[in-house]
Amino acid sequence: MNNGTQLTMLDPKRLRSELDTIASQLARRGYTLDCARLSELEEQRKRLQVATQELQNERNSRSKAIGKAKASGADIQPLLAQVADLGERLKAAQEQLTALQTELEEIALGIPNLPHPSLPDGSSEAENREELRWGEPPHFAFPPLDHVDLGVRCGLLDLEAAAKLTGARFTTLHGPLARLHRALIQFMLDLHTSEHGYTELYVPYLVNAESLRGTGQLPKFAADLFKLQGEMEYYLIPTAEVPVTNMVRGEIIDDARLPLRWVAHTPCFRSEAGSHGKDTRGLIRQHQFEKVELVQIVRPEESYAALEALTGHAEAVLQRLALPYRKITLCTGDLGFSAAKTYDLEVWLPAQNSYREISSCSNFEDFQARRLQARRRDPVSRTPELVHTLNGSGLAVGRTLVAILENYQQADGAIHIPEALHPYMGGLTQIPARVTG
RNA sequence: GGAAGGGUGGCAGAGUGGUUGAAUGCACCGGUCUUGAAAACCGGCGAUGGGUGACCAUCCGUGGGUUCAAAUCCCACCCCUUCCGCCA
């Protein structure tokens, strides 16, 4: 029987041999594993698989015997009669086994990753653990405006135009604001490539379903995606994570190439189904936004050090822009489906008087790598071994723009431009309160 | 869009119905030789799944089909290369 397609996301061996341990780890994140059903199906699977393989073995050896007999000129007819019903029995057994394996696979696909022991327990974002705060929220001698009011007042942000062109949750930017947006992208890419050791990648913005399965967006989260009409089954990427991480899909990577550090700027497209009424104002939650994404493919033993480093690289962007932020560790209940551990970076937004997510940095351990069949060849044992994958926003560009508008606003409505961006703004040091044109 | 060729192990590349999971070369690992290295020579070397284990099963782009038996024959699809046309 063919066991080639392995869509399991947790290690199937551990799922069998350490079922109770895994169940209790999953319980930490509020996921109930039906152990009784799983072990019952597993027992059936084992029985059926052994039976099927025995039949296959019989067919193979008998076919070989027929081949030999024919070669030696003996009469084959009696041998053929012996195998008459073998095909039928084998086919029936295979069909049963396939059905059972499909059922087991569907269950396995719905099981999220195991949370890392260092995570705080919790059922919602309220239990997330704050690790640090950086920078001082600015004090204003006037009531600070939010980014929409600021942008509109400058005459550089036109959400109504975007609504006319497309619909809700899109935007148009003008003149220096559009340039500031572009400057942020250039600045981030330059920082990560020249100082943090990442290689810049340009990738497709449309991907196939297989890539989305590889990183875990499909089959569970199809509703969050934009799918193209037509005979091409393509999707708009919800994040650069999808094309970039899928670079190593099906590869056995030479160990000397590791760790791989890639940075890519792409637009991201999200349907935001199920978030009606949430963040409806402004640029916080859009169907289309830009992001600079950091991706690392690393040796398993290095992945937690890599998570710290990668998070630091994202933090560096905020620090260079002098934007106050805090770093939190997601609790077990707030953790994404594929992640084992996630740090969120939240930037200070004066108008909301709170910190808002601007980056999410995760270690997926071998969860994505297993679906991707992304492996390295161990230099000692010479055998292939799953790599670990990580990614993080470095940063979400739209939200960074929001943060700059709000944190750098002046009493007259002008926006100072952070020093780190000056080289990218052609000498412009502030966006004036009123721009004509 | 038209025409032709091709997808086989980490890579290159044989193989067109039967002890072929797959020749050969490269790479890689172990050994001999050498002061050491290189070269040469000898040996080893695919992946996935099942079984405590001897072993067994599956995999030659993907999915179907024919057959006692398929990398090899048939059908559909995907991808790549080259040439022509068109085009940002």
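Reminder, nothing fancy here: chain letters follow the sequence lines and each chain counts from 1.
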Spacing of the [atom1] atoms in [M] and [N] (rounded, Å):
N	M	atom1	answer
B:U16	B:A69	C1'	15 Å
B:A57	B:A4	P	42 Å
B:G43	B:G51	P	36 Å
B:G31	B:G36	P	13 Å
B:A14	B:G21	C1'	15 Å
B:C80	B:G30	C1'	38 Å
B:A88	B:G61	P	38 Å
B:G18	B:C73	C1'	14 Å

By nearest atom, which of the nucleotides [options] is closest to the [X] side chain?
X	options	value
A:Gln49	B:G49, B:C68, B:U58	B:G49
A:Pro384	B:U58, B:G49, B:U48	B:U48
A:Arg382	B:G49, B:U48, B:C28	B:C28
A:Tyr234	B:C79, B:U48, B:C68	B:C79
A:Asn57	B:G18, B:C56, B:A47	B:C56
A:Gln53	B:A57, B:C68, B:A47	B:A57
A:Ile252	B:G18, B:C79, B:G10	B:G10

Using atom [atom1] of [X] as one end and atom [atom2] of [N] as the other, report the distance to the nearest whole Å.
X	N	atom1	atom2	result
A:Glu43	B:G51	CD	P	12 Å
A:Gln373	B:G10	CD	P	12 Å
A:Lys13	B:G49	NZ	C1'	8 Å
A:Glu58	B:C55	CD	P	21 Å
A:Leu386	B:G49	CG	C1'	14 Å
A:Asp378	B:C29	CG	P	13 Å
A:Leu48	B:G51	CG	C1'	16 Å
A:Leu90	B:A57	CG	P	12 Å

Member of A:Tyr304, A:Phe364, A:Phe367 meeting the ring pair (Phe, Tyr, Trp, His ring centres under 6.0 Å) criterion with A:His116: A:Tyr304
Is the phosphate of [N] approached by [X] (side-chain N or O, under 4.0 Å from OP1 or OP2)?
X	N	value
A:Asn60	B:A69	no
A:Lys46	B:G51	yes
A:Gln56	B:U58	yes
A:Arg377	B:A27	no
A:Arg89	B:C68	no

With a 3.5 angstrom cut-off on both distances, give the Watson-Crick or G-U wobble partner of [N], or none if there isn't one.
N	result
B:A23	none
B:C45	none
B:A70	none
B:G63	B:C75

Base of B:G18, side chain of A:Lys70 - is there a donor-acceptor contact under 3.5 Å? yes
Regarding A:Glu241 and A:Gln368, do their side chains bring together a donor and an acceptor under 3.5 Å, going by distance alone? yes
Do we see a donor-acceptor contact under 3.5 Å between the side chains of A:Glu308 and A:Thr311? no
Give a yes or no on whether a salt bridge exists between [X] and [Y], defined as a side-chain N under 4.0 angstrom from a carboxylate O.
X	Y	result
A:Arg320	A:Glu195	yes
A:Glu301	A:Arg299	no
A:Asp378	A:Arg376	yes

Remember a base hit wins even if backbone is also touched, and classify [X] as base, sugar-phosphate or nothing at under 4.0 Å, heavy atoms.
X	result
A:Asp254	nothing
A:Arg45	sugar-phosphate
A:Arg375	sugar-phosphate

Side-chain donor/acceptor of A:Arg14 to backbone N/O of A:Ile22, under 3.5 Å: no
Parallel, tilted or perpendicular, judged at 30° and 60°: which one describes the rings of A:His287 and A:Phe170? tilted
